[in-house]
Amino acid sequence: MPSIALSLINVTKRYGATAILDGLSFGLFRGEKVGLIGRNGAGKSTLFRLLTGDETADAGEVVITQGLRVARLSQEPHFAPGASIRQALEAALTDHAALLARHQEIHDQLHGADAAAEVRLFDELQTIEHLLDHWGWDLTPRLKAAATVWGLTDLDAEVESLSGGWRKRVALAQAWLKEPDVLVLDEPTNHLDPEQVERLEAWLQAYEGALLLITHDRHLLDAVVTRMLELEDGGLRSYEGGYSDYLLEKSDREFREARLTEHMQNRLRREMAWLRRGAKARTRKSKLRIQEVLDLKGTVEDRTRVDIRQGLAFAKGDNRSDALIRAEGLQFAYPGGAELLGGLDLGLQRGMRIALLGPNGCGKSTLLKLMLGELMPTAGEVVCHPKVAVTAISQGRGELDGARSILDNLADRAAIVDTGNGTVLAHVYLTRFGFPVDQQSRPASSLSGGERNRLLLAKAMLNPADLLVLDEPTNDLDIPTLQNLEEALVGYGGTLILVSHDRFFLDQVATHTLAWNETGSPRWELYEGPPTTVRSLREARRIAAQPPERGEPSRATPRAEGTRPKKPGLSQKEQRRLTEVEAALEVLHARLAGLDRILADSMAFLRLDSPGHQALKDREAAQVELGALELEWLELEEKRTEP
């Protein structure tokens with residue numbers, strides 16, 4: 001059985017009279033990968049600070065096994081003032097540098113050492129040389145490797161001057177360099193672009209140490225962890241498997257508990273009826289039964305206590321036009337900067353939910369500002385319907401006035417607000433979003449990231465909109481709120497443009513994806529489907545665009561007679577889509593065949609880092625994608641063959 005890497009033993013942590021963690025215990029085994037989730041305010045960050053030593057427990061112990069190397073990454077990493085990226089990475093190599101220095105010291109001490117000291121020094125030297133054979137005899141190659149892996153090109157740049165995404169890359173490179181035995185990460189995907197999140201995921205999958213991962217990124221949890229912990233009411237509940245397994249097991253547990261609660265409620269009704277019939281409390285037996293009824297009543301009340309959580313709903317505007325905004329030949333470049341759009345043509349149709357997919361710095365927020373008229377293009381034009389109603393939430397959350405209270409930010413001192421389904425008192429409306437009445441006078445500047453986000457969503461839902469523009473709405477939200485937001489956006493009847501680094505969220509919500517292509521002209525390409533389908537659809541477009549070799553039919557066309565003529569049952573757009581789907585199916589079948597060859601290898605699962613483990617996950621994902629594409633192909637093919 002593997003040994004414990006770190007553990008919490010009966011840990012209690014209070015802030016005032018409130019116990020955030022109450023007698024909490026758990027152990028993280030060496031080599032185990034555990035995901036930790038919980039609502040905002042449940043105590044996840046408190047637990048992280050206890051593990052980093054930034055705070056101490058009021059009771060209990062936090063134990064990290066002696067001799068293990070531990071790397072911790074906070075939500076907002078901090079660095080030495082004025083430090084460059086190179087200096088920050090070198091700071092992560094202090095153990096390596098100390099070994100090199102000690103190696104030289106031992107050689108110096110061996111001159112003139114007596115026999116006993118010589119034996120001791122040689123033993124220590126052998127241990128150090130073994131470690132240096134693994135780490136290297138020079139710091140420079142490791143620094144270069146970290147910079148390459150995490151895409152850090154300018155090592156002389158000052159870290160604190162970088163954006164949040166670049167600072168997070170530097171912090172991840174530091175943790176990577178330490179080669180820790182224990183890795184504790186708090187929201188590591190915040191501010192990372194999709195490419196870097198995939199890189200982080202690959203590293204954590206290959207990582208062989210003990211991992212505690214605190215994140216709301218459900219895709220990452222499913223891909224990496226083998227056990228889930230849910231922090232609730234100061235305690236922990238454990239579930240085996242990844243996030244999807246957690247959902248299934250939790251649903252099953254809640255069903256069983258609901259049946260037990262129903263049984264207890266029926267018993268309580270019978271007992272309360274006995275009391276109401278005028279049972280005398282004179283005998284000791286009667287008094288005991290009355291106390292049992294009261295205890296049962298308290299237990300049922302605890303079990304049926306439900307968190308009051310308002311379902312989110314965005315109101316659609318009154319505009320009935322199918323075309324809301326149209327961009328034609330759109331180009332834009334900041335002074336001295338590169339062209340970001342390359343002549344983009346884009347039409348926003350009613351009901352489209354478009355996800356913008358691209359790396360940090362590619363111009364997602366700039367494109368949003370151009371579409372909303374906040375920036376003027378250097379060429380081309382944006383034409384808006386004259387009566388389009390727009391609601392937008394920017395990444396910087398500038399829509400809030402930090403000097404004003406929470407309540408005044410919502411309704412400008414109005415006592416009553418109109419939710420679209422009737423009127424309600426403004427302070428009552430805010431309680432539905434987790435803002436107690438006694439806290440609504442706080443200035444907005446005191447709010448956390450998640451609280452600012454919730455307040456902006458509350459404001460947005462009071463404004464009927466034909467076009468909803470959300471730039472990173474998922475930042476700092478807990479998983480239950482993310483699930484509610486997903487449902488609200490799927491049910492929204494207007495048009496949506498969405499920027500988010502949460503891949504799981506985008507796949508649940510988006511009907512179309514506008515994807516960045518650095519070498520394309522234009523730079524942005526529109527695809528039908530969520531972001532996970534872009535890679536195969538882009539490959540399908542590439543194959544469909546290639547001319548067939550002489551004497552061979554086009555690979556994108558399954559019939560031997562060449563290109564299928566346009567059928568009256570399909571529009572031009574649908575015909576192009578059918579061609580793309582057929583090409584994508586061919587790509588997926590080839591990919592599945594390659595994965596099957598890997599899985600057929602007897603060595604595929606020999607070790608933790610053997611290729612079979614990843615191939616199995618890739619095959620499951622490809623099968624899901626294949627099923628969706630086959631269903632779409634059947635619908636298009638049926639329409640094509642209609643008389």
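Values in this document were obtained by computation on a predicted structure and should not be read as measured data.
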Using a 3.5 Å distance criterion without hydrogens, assess whether the side chain of [X] forms a donor-acceptor pair with backbone atoms of [Y].
| X | Y | answer |
| --- | --- | --- |
| Arg169 | Leu152 | no |
| Glu187 | His216 | yes |
| Lys178 | Arg69 | no |
| Asn453 | Pro473 | yes |
| His219 | Phe504 | no |
| Glu232 | Arg237 | no |
| Asp58 | Arg14 | yes |
| Tyr207 | Pro180 | yes |
| Arg167 | Leu162 | yes |
| Lys364 | Ser500 | no |

Are the side chains of [Y] and [X] in contact, using a 4.5 Å heavy-atom criterion?
| X | Y | value |
| --- | --- | --- |
| His501 | Gln196 | no |
| Thr12 | Leu21 | no |
| Phe29 | Ile4 | yes |
| Val490 | Gln508 | no |
| Asp156 | Asp154 | yes |
| Asp502 | Glu486 | no |
| Thr533 | Asp507 | no |
| Ser3 | Thr65 | no |

As an exercise, state the distance from [atom1] of [X] to [atom2] of [Y], rounded to the nearest 0.5 Å.
| X | Y | atom1 | atom2 | value |
| --- | --- | --- | --- | --- |
| Leu211 | Leu36 | CG | CG | 11.0 Å |
| Leu6 | Leu68 | CG | CG | 9.0 Å |
| Arg503 | Thr532 | CZ | OG1 | 10.5 Å |
| Met228 | Ile37 | CE | CD1 | 4.0 Å |
| Phe79 | Gln174 | CZ | CD | 5.0 Å |
| Arg72 | Leu185 | CZ | CG | 11.5 Å |

Can Leu47 and Leu8 be said to form a side-chain contact (heavy atoms from CB on, under 4.5 Å), step by step?
-> CA-CA 10 Å; Leu47 177 58; Leu8 274 70; 3.0 Å; yes
Are Thr52 and Asp54 close enough that a side-chain donor and a side-chain acceptor fall under 3.5 Å?
-> yes
Which atom names give the shortest non-hydrogen contact between [X] and [Y], and what distance separates them?
| X | Y | answer |
| --- | --- | --- |
| Val534 | Ala515 | CG1-CB, 4.0 Å |
| Val182 | Ala5 | CG2-CB, 3.8 Å |
| Pro531 | Thr513 | N-OG1, 3.2 Å |
| Leu482 | Phe505 | O-CE1, 4.2 Å |
| Leu143 | Leu177 | CD2-CD1, 4.4 Å |
| Glu240 | Glu249 | N-OE1, 3.6 Å |

Identify whether the distance between the nearest side-chain nitrogen and carboxylate oxygen of Arg199 and Asp193 falls below 4.0 Å.
-> no
Below 4.0 angstrom, N of the basic side chain to O of the carboxylate: do Asp181 and Arg30 qualify?
-> no
With Tyr243 as reference, evaluate Leu221, Leu220, Val225, Val224 under the side-chain contact (heavy atoms from CB on, under 4.5 Å) test and give the passing residue.
-> Leu221
Can the positive tip of Arg454 be found less than 6.0 Å from the middle of the six-membered ring of Phe435, inside 45° of the ring normal?
-> yes
Tell me, with the steps shown, if Asp245 and Tyr239 meet side-chain contact (heavy atoms from CB on, under 4.5 Å).
-> CA-CA 8 Å; Asp245 300 305; Tyr239 299 85; over 6 Å; no
Just do the side-chain contact (heavy atoms from CB on, under 4.5 Å) check on Leu506 and Thr474 with the steps written out, would you?
-> CA-CA 10 Å; Leu506 291 177; Thr474 59; over 6 Å; no
Could you go step by step and tell me if Gln483 and Leu247 meet the side-chain contact (heavy atoms from CB on, under 4.5 Å) rule?
-> CA-CA 12 Å; Gln483 292 170 332; Leu247 286 180; 4.2 Å; yes
